[in-house]
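Chain naming here is simple, since letters A, B, ... match the order of the sequence lines and numbering starts at 1 in each.
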There are 4 protein chains.
Amino acid sequence: MGNIKLEIASRREREWYRHRREILSAAEELLVEKGFEKTTMQDIAARAEFAVGTIYRFFKNKKVLFEELFLESWRDIETKLNQALDQPGDELARLQAYHRTCVMLIVENETMARIFYGQMANFSIDPYVGIVGEFREIMKRLLGRLEALFRSGIEKGRFVDLDARVLAIGFDTLVGAYLAVLLGEEKPMDVNAWIKTINRMFFNGIMVHSSNEP
Amino acid sequence: MGNIKLEIASRREREWYRHRREILSAAEELLVEKGFEKTTMQDIAARAEFAVGTIYRFFKNKKVLFEELFLESWRDIETKLNQALDQPGDELARLQAYHRTCVMLIVENETMARIFYGQMANFSIDPYVGIVGEFREIMKRLLGRLEALFRSGIEKGRFVDLDARVLAIGFDTLVGAYLAVLLGEEKPMDVNAWIKTINRMFFNGIMVHSSNEP
Amino acid sequence: MGNIKLEIASRREREWYRHRREILSAAEELLVEKGFEKTTMQDIAARAEFAVGTIYRFFKNKKVLFEELFLESWRDIETKLNQALDQPGDELARLQAYHRTCVMLIVENETMARIFYGQMANFSIDPYVGIVGEFREIMKRLLGRLEALFRSGIEKGRFVDLDARVLAIGFDTLVGAYLAVLLGEEKPMDVNAWIKTINRMFFNGIMVHSSNEP
Amino acid sequence: MGNIKLEIASRREREWYRHRREILSAAEELLVEKGFEKTTMQDIAARAEFAVGTIYRFFKNKKVLFEELFLESWRDIETKLNQALDQPGDELARLQAYHRTCVMLIVENETMARIFYGQMANFSIDPYVGIVGEFREIMKRLLGRLEALFRSGIEKGRFVDLDARVLAIGFDTLVGAYLAVLLGEEKPMDVNAWIKTINRMFFNGIMVHSSNEP
DNA sequence: CATGAATGAGATTTCATTCAT
DNA sequence: CATGAATGAAATCTCATTCAT
């Protein structure tokens with residue numbers, strides 16, 4: 001008996017979560033296709049195959065819907081990047097793990113990575129969704145960790161004595177640039193070629209002994 | 001008589017052009033403040049101190065207004081960057097001129113640079129402004145020139161033998177990263193420190209003989 | 001067996017009736033708190049601790065729910081006021097009984113009295129609740145009885161020869177004014193002071209021999 | 001030249017005011033016919049023969065529209081009643097002037113009087129229009145003046161020594177009762193008969209020397 | 001020409017009602 | 001029967017665009 005009840009509750013819950021995901025996915029698709037302001041709740045409802053009213057059972061309003069869409073993805077991204085930075089190994093190994101994770105994220109989760117990875121910062125979304133703050137916090141935390149990593153490398157004499165903050169920003173930006181390429185190019189660039197070239201270009205520039213062959 | 005008419009016509013023309021600029025400037029200000037969709041024609045009219053109807057004498061509709069706003073700025077940016085790349089001197093000197101011009105453009109013309117330089121991506125999401133194509137063309141032309149420059153440097157044995165296209169993209173992105181910093185930081189970063197660090201980091205990585213002290 | 005069935009039926013019936021009351025009470029509370037249009041069926045369901053669908057097993061629709069809510073209260077009020085007017089004693093005594101009953105009703109059953117007693121008017125504006133007719137009938141019957149009482153008093157020479165209808169309306173309105181005071185005042189007025197003053201003011205004005213000390 | 005300009009401005013202004021009145025009148029009609037919540041902006045626009053958007057050029061939103069509708073009428077009512085209370089003559093004369101003015105207001109301006117005169121206080125309008133406060137202030141001011149008048153009469157020994165506040169409320173309510181009659185009756189009651197009876201009934205009850213024959 | 005009042009299509013959001021579980 | 005998720009019609013409000021003055 002208890003099991004049956006539990007199962008029923010569980011099924012409901014699972015269904016609820018599935019519907020929520022369907023709505024968020026529809027919203028994500030439309031966000032890419034039409035942008036935030038041009039995506040209407042009618043659009044989302046139609047794409048998710050629900051009635052408009054149903055959308056509002058899951059999300060208080062349009063703003064909240066998109067905020068939750070962003071936050072869920074961003075937090076996932078932050079977690080994964082943190083895991084990369086927490087890997088065992090020296091500074092170089094960690095940065096390379098960060099790099100690989102970024103590329104993976106971009107490939108796996110293009111939409112959100114596109115927005116998250118440097119390409120968002122302000123635009124059409126900015127004035128409407130009051131979420132930029134959270135986004136900036138996440139960015140600030142990640143940049144802070146990168147900066148610490150570079151500082152540690154500089155102190156240990158592994159990296160040349162450049163501004164750790166600029167290095168962190170530069171590294172992060174370079175890594176993110178792959179996205180811009182993905183967007184702009186008709187034929188997507190080869191991931192490995194990209195990683196290899198960035199590694200050489202960037203780390204050759206900052207390693208004290210340029211014996212870095214990844 | 002003919003001269004007078006010409007003068008009158010000329011004055012009219014100049015006035016017409018001046019009004020057009022006032023409208024575009026108002027639109028630019030509002031674009032930064034409120035974003036594209038949230039900026040109304042009434043807003044623009046009020047800011048430019050014209051009547052709404054008057055705006056429509058200058059621009060067929062809202063879409064065209066913003067397209068012309070972007071195109072004018074972007075073409076100006078392209079011209080200036082081309083001039084930098086056309087300077088006398090070797091590849092390194094030209095890249096450094098490009099770099100300096102970018103920073104100058106960002107500082108002088110933040111609004112458009114912000115949109116142009118790397119922040120464009122989620123603008124590309126918005127199909128309303130059907131101008132992304134033109135933007136990509138400009139980018140493609142500039143990247144093509146950068147790529148050629150790198151290829152030339154590699155062929156002359158001045159740069160290490162990396163993929164010229166990746167180098168071009170990487171360089172351009174790094175240069176544009178200054179904008180992200182401007183946006184994200186409370187206290188703006190020192191321009192010179194930035195230029196110096198990027199120069200070292202990047203060119204140390206790709207110069208065959210790292211005797212580059214700008 | 002028959003008895004058992006009867007008992008079961010009876011218990012069901014009693015439960016059905018109890019649930020119906022719970023729903024009506026919830027609706028009444030919300031009516032006061034939020035007004036008719038702003039009270040949603042979801043609100044009522046939540047307050048009554050039933051599911052929305054259940055509400056519809058008791059009442060065909062929202063309109064009917066509120067109609068039944070009003071009618072039940074109003075019929076109760078009519079019954080009690082009729083009992084007051086049926087009391088033994090002369091005209092004055094009956095009017096005073098009517099008066100006391102009104103005050104009691106207002107105190108005991110503020111919500112409905114508020115709607116019933118004089119505050120109804122701009123409810124009559126609302127055509128949604130098609131119940132105004134029934135309300136008017138009840139009012140008409142009660143006013144008719146009051147008018148007859150005044151006419152009888154006038155004929156017996158106990159009241160001065162004024163228009164019985166206007167007297168009835170005036171009396172009824174004065175009595176109802178206590179409600180307006182209850183609503184408008186921060187510190188509620190003393191019931192006894194109110195009754196005493198109204199008695200004197202009103203009956204002094206219409207009694208032939210003003211020896212009326214209630 | 002100046003005159004022409006002035007005239008043009010004036011014409012615009014007059015037209016603006018006229019349109020505003022047309023909208024308010026349409027809203028008032030519909031308020032009586034359908035109630036506040038059931039009256040839609042579409043309704044008002046259709047009745048006033050404007051487009052919906054036009055209504056919003058005159059009133060920020062529905063709430064404000066109705067607030068201005070009420071306030072304008074209420075302030076007019078307050079002014080007229082104050083004028084009645086400011087008339088030369090003794091307390092009795094002023095109260096009778098107040099009474100006559102009320103009846104006149106009710107007859108001339110039924111809708112607003114209906115809402116203003118005791119019949120509003122709380123209902124469908126209450127939870128939506130945040131104007132009840134202003135309404136109560138006006139009521140409080142008027143009741144205050146009535147109370148002072150009664151107190152003055154009591155002190156001069158012209159009225160019997162009853163609670164001045166209850167007298168004020170009672171008088172005001174009685175006077176307003178005519179409205180309830182207007183609403184409930186098919187054949188409207190004779191104004192003069194009403195005034196005469198109320199005068200006698202009420203003032204007989206409170207005058208020390210009942211030589212009051214108006 | 002310039003003006004800005006008027007327009008009305010379209011967006012967001014609510015909520016009475018239904019119906020599969 | 002009870003439930004409450006789903007529905008979609010309808011309400012409010014916005015704003016690009018037109019056009020009489």
Side-chain angles (χ1 to χ4, degrees), chain A residues 8 11-12 15-16 19-20 23 37-46 48-65 128, chain B residues 12 15-16 19 37-46 49-66 128, chain C residues 12 15-16 19 37-46 49-66 128, chain D residues 8 11-12 15-16 19-20 23 37-46 48-65 128:
Chain A
I8 287 169
R11 193 195 317 183
R12 275 244 169 109
E15 199 144 81
W16 185 86
H19 290 177
R20 191 173 175 283
I23 294 166
E37 306 268 1
K38 284 250 165 284
T39 296
T40 71
M41 294 304 263
Q42 299 281 356
D43 288 339
I44 296 171
E49 291 177 288
F50 285 109
V52 231
T54 308
I55 310 293
Y56 283 86
R57 291 188 51 71
F58 290 86
F59 305 96
K60 200 164 72 69
N61 54 40
K62 192 186 177 185
K63 192 180 155 209
V64 163
L65 192 161
Y128 203 106
Chain B
R12 274 223 182 130
E15 198 145 80
W16 186 86
H19 290 176
E37 304 271 1
K38 286 240 169 295
T39 296
T40 71
M41 294 301 264
Q42 270 86 351
D43 286 340
I44 297 171
E49 292 176 287
F50 285 107
V52 238
T54 309
I55 309 289
Y56 281 85
R57 299 208 68 73
F58 287 86
F59 305 95
K60 197 165 74 73
N61 56 38
K62 193 186 178 187
K63 194 181 154 207
V64 163
L65 191 161
F66 278 96
Y128 197 111
Chain C
R12 275 225 180 127
E15 199 144 79
W16 186 86
H19 290 175
E37 304 270 1
K38 286 239 170 296
T39 295
T40 71
M41 293 302 264
Q42 271 85 351
D43 287 339
I44 296 170
E49 290 177 287
F50 285 108
V52 240
T54 309
I55 309 289
Y56 280 86
R57 299 208 66 74
F58 288 86
F59 305 96
K60 198 166 73 74
N61 56 37
K62 192 185 177 187
K63 194 181 154 207
V64 163
L65 192 160
F66 278 97
Y128 197 110
Chain D
I8 289 168
R11 193 191 320 179
R12 276 242 170 110
E15 199 144 81
W16 186 85
H19 290 177
R20 191 172 175 282
I23 294 167
E37 306 267 3
K38 285 247 166 285
T39 296
T40 72
M41 294 304 262
Q42 299 281 358
D43 288 340
I44 296 172
E49 290 176 291
F50 285 108
V52 229
T54 308
I55 310 293
Y56 284 87
R57 292 188 51 70
F58 289 86
F59 305 96
K60 199 165 72 70
N61 54 40
K62 192 185 177 186
K63 195 181 153 208
V64 163
L65 192 160
Y128 202 107

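The residue D:F58 sits close only to the backbone: its heavy atoms come under 4.0 Å of sugar-phosphate atoms, none of a base. Among the heavy atoms of the strands, none lies under 4.0 Å from C:F59.
Among the nucleotides E:dT17, F:dT12, E:dT7, the one closest to the side chain of D:R57 is E:dT7. Nearest to the side chain of A:A51, among E:dG4, F:dG8, E:dT17, sits F:dG8. Of the candidate nucleotides E:dT12, E:dT3, E:dT7, E:dT3 has the atom nearest to the side chain of B:F50. Here the side chain of A:T40 is nearest to one of E:dT12, E:dA2, E:dG4, namely E:dT12.
Residues C:H19 and A:V52 each lie close to DNA chain F; by heavy-atom proximity, the contact nearer the 5' end of the strand is made by C:H19. Across the interface with DNA chain F, nearest-nucleotide mapping of A:E15 and D:K60 shows A:E15 to be the residue nearer the 5′ end.
Computed from coordinates, the C:Q42 CD to E:dT13 C1' distance equals 14 Å when rounded to whole Å. A straight line from CG of A:L65 to P of E:dT13 spans 10 Å, rounded to a whole angstrom.
Figure legend. F:dC1 is base-paired to no nucleotide; pairs are counted as Watson-Crick or G-U wobble with both atom distances under 3.5 Å. If you check F:dT17 for Watson-Crick or wobble pairing at under 3.5 angstrom, you find it paired to E:dA6.
For D:T54, no side-chain nitrogen or oxygen approaches OP1 or OP2 of E:dA5 to under 4.0 Å.
Considering every non-hydrogen atom in both C:T39 and C:F66, the closest pair reads CG2-CZ, 4.2 Å.
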